[in-house]
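The block underneath contains the structure these notes are about, expressed in structure tokens.
All values below were derived from every heavy atom in this structure, side-chain atoms included, with hydrogens, water molecules and symmetry-related copies excluded. Lettering follows sequence order; numbering is per chain, from 1.
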Amino acid sequence: MAFWLFKTEPNEYSIDNLAQEKRGYGVWDGIRNYQARNFLRDDVAKGDLVFIYHSACKPTAIVGIAKVVRAAYADPVQFQADSHYFDPKSTEQNPRWFCVDVAYQSRFSSPVTLSEIKREPILESMALLKQARLSVSPVTEQEWEAILRLSVQQNG
DNA sequence: GCCAACGTTGGC
DNA sequence: GCCAACGTTGGC
């Protein structure tokens, strides 16, 4: 079982949108970066836990936890000509982009903000800080636990 | 809205 | 395969 961080812009798709999915899970689609794609396709596994990070908002922060309920499969929107995520170079036989399904698990009563993450020495080598633009990134067990501690501190 | 830091594209 | 031009992400 591994840990991940997925970024999303809350005005596009927030953790609340995920929590309100009627079918009980959300499709994490629209990833159009090769490094993120490779993590999704090759390493993200069913049962893995995911921090949901809200970007391009105030404040940017880890807001809660989701669980991977289906491993990578071809992202359907790459084949939809009217979609923003349509890719004419991708074929059903040889899809370029992948998505996973995630289920909402929990929300931090107080999010762990980027500035708090930057202030915590244990987290200084987090992929989130090293590669600011990567929308799917690995989280070590130590990092996972440190962020959970920060979220608990804030709850008190 | 600005802009730094990337990532992608395409001419050569 | 290089690299300039362009596009995007995302913090501030």
(Q) Ring centroids only, cut at 6.0 angstrom: are Phe51(A) and Trp4(A) within range, meaning strictly under it? (A) no
(Q) Quick check on dC6(B): is either OP1 or OP2 less than 4.0 Å from any side-chain nitrogen or oxygen of Tyr34(A)? (A) no
Q: Figure out the CZ/P separation between Arg96(A) and dT9(B), and round it to whole Å.
A: 7 Å
(Q) Distance check needed: dG11(C) C1' versus Lys118(A) NZ, whole Å only. (A) 7 Å
**Q.** Whole-Å distance separating the CZ atom of Arg133(A) from the C1' atom of dT8(C)
**A.** 5 Å
Q) What integer distance in Å separates Ile31(A):CD1 from dG7(B):C1'? A) 15 Å
Q. Between Leu114(A) (CG) and dG10(C) (P), how many Å, whole number?
A. 12 Å
Q) Which whole-number value in Å describes the distance from Leu134(A) CG to dT8(C) P? A) 18 Å
Q: Can you tell me the distance, in whole Å, between the CG atom of Asp87(A) and the P atom of dT9(B)?
A: 9 Å
Q: State yes or no: are the ring centers of Tyr85(A) and Trp97(A) separated by less than 6.0 Å?
A: no
Q. Hey, does the side chain of Lys130(A) come within less than 4.0 Å of dC6(B)'s phosphate (OP1/OP2), counting only N and O?
A. no
Q.
Testing the 3.5 Å rule here: is there a donor-acceptor pair between the side chains of Asn94(A) and Thr91(A)?
A. no
**Q.** Rounded distance (Å) that lies between atom C1' of dT9(B) and atom CZ of Arg32(A)
**A.** 18 Å
Q: Answer yes if the side chains of Gln78(A) and Ser90(A) hold a donor-acceptor pair under 3.5 Å, and no otherwise.
A: yes
Q. Is there a side-chain polar atom (N or O) of Lys58(A) under 4.0 Å from OP1 or OP2 of dC12(C)?
A. no
Q) Contact class for Glu9(A) (heavy atom, under 4.0 Å): base, sugar-phosphate, or nothing? A) nothing
Q.
Does a side-chain N or O of Gln35(A) approach OP1 or OP2 of dC6(B) to a distance below 4.0 Å, or not?
A. no
